[in-house]
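Being a predicted model, the structure only gives us computed values, none of them experimental. The chains referred to below are lettered A, B, ... by the order of the sequence lines, with proteins before strands, and numbering in each begins at 1. Computed over heavy atoms, backbone and side chain alike; hydrogens, waters and symmetry mates excluded.
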Amino acid sequence: MRNKPLLICVVGPTAIGKTSLAIALAKAFSTEIISADSRQFYKEMSIGTAVPSKEELQAVPHHFIQSKSIFDEYSVGDFEREALELINEKFFPSNNDNKVLDSLVMVGGSGLYVDAVVRGLDEFPTVPPEVRNKLNSEMENLGIEHLQERLKIADPIQYSKIDIQNPHRVIRALEIFEFTGKPFSSFLNQKSTPRAFETLFIGLSADRETIYGRINKRVDQMIDAGLIEEARNLYNHRDRNALQTVGYRELFNYFDGSISKEEAISEIKKNTRRFAKRQGTWFRKNEAIHWFDYRTKPEEILEFIHEKNAK
RNA sequence: GGGGAGAUACUCAAGCGGCCAACGAGGACAGACUGUAAAUCUGUUGGUUUCACCUUCGCAGGUUCGAAUCCUGCUCUCCCCA
C-alpha cells in the first residue's frame, strides 16, 4: 500500500496516440486529466494543436485545455504553479466536500512543462515584457555579440554555462539581471520543493517511419478539418508568441504569398517531424520513463501500472 | 544533319593547375535546453584501424613534379538552327 497519491505521466512524440491512452487510463482510475501541452492551452487554436475532440473532453474531465488566450502572457513557471495547485487540490482537498483522488493523469508532449510539474523549476520573479522587448531590439541593432559581452560581465557563471550562440538563452539570463539586479545564476538551485505525490512515467514510442507516417497523415487530416481557415483568422496576430507554432507559421507564409499552399503543407509536415525528433531527444534522457509500443493495449499498460504501484 | 551549353557528394550549386574530401544552400542525422520550449540553438554529413591513410568531381586515356580544374576520344543531358 503506497502512501502517496500517483501522478501518471503519459509522454511521447506528437501524433503517437497519447490522448486516447490518457483517456483510457483516466477512465480506468476514475480520475481526471491534466494537459502538459504548451499549445493546447490556447483557446484560439484547436485544429492545428490537435486538442481532444468534444467526445473525448466529455469522457473525462480535462484541465488546462484551451484555458488560456494567445493574448495572455503565460509561461512554464505559471503552468508549474497552476498545475501544482490543481494537483494538490485534487489529492488533498481543502474543502472536505470535494472528492479525494488518489491518482491523476498528466499528458503532454512538452518536455519542459512536464518536468516543471514533476521536478520543479527554481523560483524566478516575473519579468515585465518591456525588459525583454528592449533586449530584443538591442540584439537587432547591436548584434548578439553585444549581449554576450554584457552577460559575460553581469553573470560570468551563466555565461560559461549556457549556449552563448542561442539568443533566447542569453536574453533570458540578461532580462533576469536587468530586472532584479542579481545574476540569473544566483536564482538557481534554491531549495528543492519535494512533491507530495509519486510520479510514474509512461512513454509511447514507435519507429521513426511509423511516427513520420502518422504525422503526415495527421497533417492532411488537419487541413481537411479546416486548419487553413483557423490559421487565416489568426493571421493578424501572427507575431504573438503562442502562434510561433508548427502548422500556423507555415500557413502565415502562404497567406502573405511567400510560399504556395502545397509548399506550406509539406513544410508543416517537415517541421512537425523535426519537432517529434526534438521531443524524442528530450524524453530519451529521462530514464524514469517506461516505454511501450504505440500499439500496446491500454489494458496492458493499466496492468503494468497496477503492478508497479503495488510495490 | 549543323551550332552551342553542360555533366561535381542525398539534392541544388561554387570551384577553373597546388591552400580540395572539395565554398554555400537545402535535406537528413545527432545533440543541447530552468518562464519564448510546437520556441531557440549547436554539431555531423565519401571510407577506414580518424591528429593518418585510402577512394572520389560522367567514362577512358593524355599533358604536368602536381588535375575536379588543361588536352583528346567516348557516353549522356539541355538549348538553338535545319
Side-chain angles (χ1 to χ4, degrees), chain A residues 12-15 18 35-42 45-51 68 70 72-83 108-129 131-133 135-136 139 144 147-148 155 157-158 161-176 179-180 183-190 192-193 208-209 212 215 218-219 222 227 231 239-251 263 266-286:
Chain A
T14 189
K18 296 187 292 295
S35 169
D37 187 306
S38 72
R39 293 292 123 110
Q40 292 184 352
F41 296 156
Y42 300 102
M45 299 190 271
S46 60
I47 299 170
T49 55
V51 291
K68 307 287 177 232
I70 59 169
D72 295 338
E73 297 290 337
Y74 196 64
S75 71
V76 224
D78 299 321
F79 175 69
E80 181 189 343
R81 284 186 281 274
E82 287 180 22
S110 308
L112 181 64
Y113 284 66
V114 171
D115 287 356
V117 173
V118 173
R119 292 189 243 277
L121 303 172
D122 287 306
E123 268 180 52
F124 286 90
T126 302
V127 180
V131 179
R132 180 176 296 175
N133 293 341
L135 287 165
N136 273 134
M139 155 132 149
I144 181 111
L147 296 183
Q148 290 169 344
D155 188 350
I157 297 176
Q158 206 56 10
K161 224 171 82 179
I162 64 170
D163 175 5
I164 231 68
Q165 299 287 92
N166 189 329
H168 286 191
R169 299 277 125 74
V170 176
I171 287 175
R172 161 102 269 241
L174 274 176
E175 73 180 10
I176 288 292
F179 183 61
T180 66
F184 181 95
S185 54
S186 71
F187 290 86
L188 259 21
N189 276 323
Q190 301 175 126
S192 64
T193 40
R208 191 66 128 250
E209 243 173 82
Y212 287 2
I215 286 171
R218 184 153 92 176
V219 170
M222 285 176 174
L227 179 58
D239 56 318
R240 294 260 79 188
N241 181 253
L243 290 174
Q244 305 316 311
T245 300
V246 176
Y248 296 85
R249 283 169 139 191
E250 297 84 353
L251 288 170
E263 282 170 329
S266 64
E267 283 290 294
I268 293 174
K269 290 174 180 171
K270 183 187 80 190
N271 290 329
T272 306
R273 279 185 247 124
R274 288 175 169 177
F275 169 49
K277 196 277 159 190
R278 275 177 271 133
Q279 290 177 303
T281 304
W282 183 287
F283 291 128
R284 203 168 305 136
K285 64 179 182 185
N286 181 347

*Taking CZ from F79(A) and P from A39(B), how many angstroms apart are they, rounded to a whole number?*
18 Å
*Length of the line joining I70(A):CD1 and A39(B):P, which is rounded to integer Å*: 16 Å
_Under-4.0 Å side-chain N/O to phosphate OP1/OP2 contact, K285(A) with C33(B)_ = yes
_With rounding to the closest Å, how many angstrom separate the C1' atoms on A82(B) and G27(B)?_
43 Å
*In the structure shown, which nucleotide is the Watson-Crick or G-U wobble counterpart of C10(B), with both distances under 3.5 Å?*
G26(B)
*Which part of the nucleic acid does K161(A) contact within heavy-atom distance under 4.0 Å: base, sugar-phosphate only, or nothing?*
nothing
*With the side chain of R208(A) defined as its heavy atoms from C-beta on, choose the nearest nucleotide among A32(B), U42(B), C29(B).*
C29(B)
*Report the nucleotide, chosen from U42(B), U34(B), A28(B), that has the shortest atom-to-atom distance to any side-chain atom of N189(A).*
U34(B)
_From CG (L227(A)) to OH (Y248(A)), nearest 0.5 Å_ = 5.5 Å
*Reported CG-to-CZ distance for the pair L135(A) and F179(A), which is rounded to 0.5 angstrom*: 13.0 Å
*Return the nearest nucleotide to the side chain of L112(A); candidates are G27(B), U42(B), A37(B).*
A37(B)
*Describe the nucleic acid contact of G48(A) in one word from base, sugar-phosphate, nothing, applying a heavy-atom distance below 4.0 Å.*
base
*asked:* Nearest to the side chain of R278(A), heavy atoms from C-beta on, is which of G35(B), A39(B), C41(B)?
replied: A39(B)
*Name the residue closer to the 5' end of RNA chain B, choosing between F124(A) and F275(A) according to the nucleotide with the nearest heavy atom.*
F124(A)
*Check whether any side-chain N or O of E175(A) sits under 3.5 Å from a backbone N or O of V131(A) as a donor-acceptor pair, and report yes or no.*
no
_Please classify the nucleic acid contact of T49(A) as base, sugar-phosphate, or nothing, using heavy-atom distances under 4.0 Å._
base
*Specify the glycosidic conformation (syn or anti) of G17(B), with syn defined as within 90° of 0.*
anti
*asked:* Tell me whether the side-chain N/O atoms of R284(A) come closer than 4.0 Å to OP1 or OP2 in C33(B).
replied: no
*Taking only the side-chain nitrogens and oxygens of S110(A), find out if one of them lies under 4.0 Å from OP1 or OP2 of A37(B).*
no
*Taking for each residue the nucleotide of RNA chain B bearing the nearest heavy atom, is the 5' side occupied by L188(A) or by Q244(A)?*
L188(A)
*State whether Y212(A) places a side-chain N or O below 4.0 Å from either non-bridging phosphate oxygen (OP1 or OP2) of C29(B).*
yes
*Would you indicate what F184(A) reaches in the nucleic acid, counting non-hydrogen atoms under 4.0 angstrom: base, sugar-phosphate, or nothing?*
sugar-phosphate
_For I157(A), is the CD1 atom crowded, meaning more than 12 foreign heavy atoms sit under 6.0 Å from it?_
no
*With side chains defined as the heavy atoms from C-beta onward, is the minimum distance between L188(A) and K161(A) less than 4.5 Å?*
yes
*Find the partner of U50(B): check Watson-Crick (N1-N3 plus N6-O4 or O6-N4) and G-U wobble (N1-O2, O6-N3) distances, both under 3.5 Å, and reply none if neither fits.*
none
*Distance in angstrom units between N286(A) CG and A32(B) C1', rounded*: 16 Å
*P-based separation of A22(B) from U56(B) [nearest Å]*: 16 Å
*Please report, rounded to the nearest Å, how far the P atom of A39(B) is from the CD atom of Q40(A).*
15 Å
*Base, sugar-phosphate alone, or nothing: which one does R119(A) contact when heavy atoms must sit under 4.0 Å apart?*
nothing
*Does a nitrogen or oxygen in the side chain of R169(A) sit under 4.0 Å from OP1 or OP2 of U34(B)?*
no
*How many angstroms lie between OG1 in T14(A) and NZ in K277(A), if you round to the nearest 0.5 Å?*
15.5 Å
_Whole-Å C1' distance, A7(B) and A68(B)_ = 12 Å
*asked:* Could you tell me how far apart K270(A) (NZ) and C29(B) (P) are, to the nearest whole angstrom?
replied: 12 Å
_For a quick test of reading the model: is some side-chain N or O of Y113(A) closer than 4.0 Å to OP1 or OP2 of A37(B)?_
yes
_Rounded distance in Å - CG (D78(A)) to C1' (A37(B))_ = 14 Å
_Taking U64(B) as the reference, what is the distance to G31(B) when you measure between their C1' atoms (whole Å, please)?_
47 Å
_By nearest atom, which of the nucleotides U42(B), G26(B), A32(B) is closest to the D163(A) side chain?_
U42(B)
*asked:* So N271(A), base contact, sugar-phosphate only, or nothing? Heavy-atom distance under 4.0 Å.
replied: nothing
*For D122(A) and N189(A), indicate whether the former's side chain and the latter's backbone hold a donor-acceptor pair under 3.5 Å.*
yes
_Is the ring pair F79(A)/Y113(A) parallel, tilted or perpendicular, if the boundaries are 30 and 60 degrees?_
tilted
*Is there a side-chain polar atom (N or O) of R39(A) under 4.0 Å from OP1 or OP2 of A37(B)?*
yes
*Does N241(A) have a side-chain nitrogen or oxygen under 4.0 Å from the phosphate oxygens OP1 or OP2 of A37(B)?*
yes
_Does C29(B) have its OP1 or OP2 closer than 4.0 Å to a side-chain nitrogen or oxygen of K277(A)?_
no
*At under 4.0 Å between heavy atoms, what does I162(A) touch on the DNA or RNA strands: base, sugar-phosphate, or nothing?*
nothing
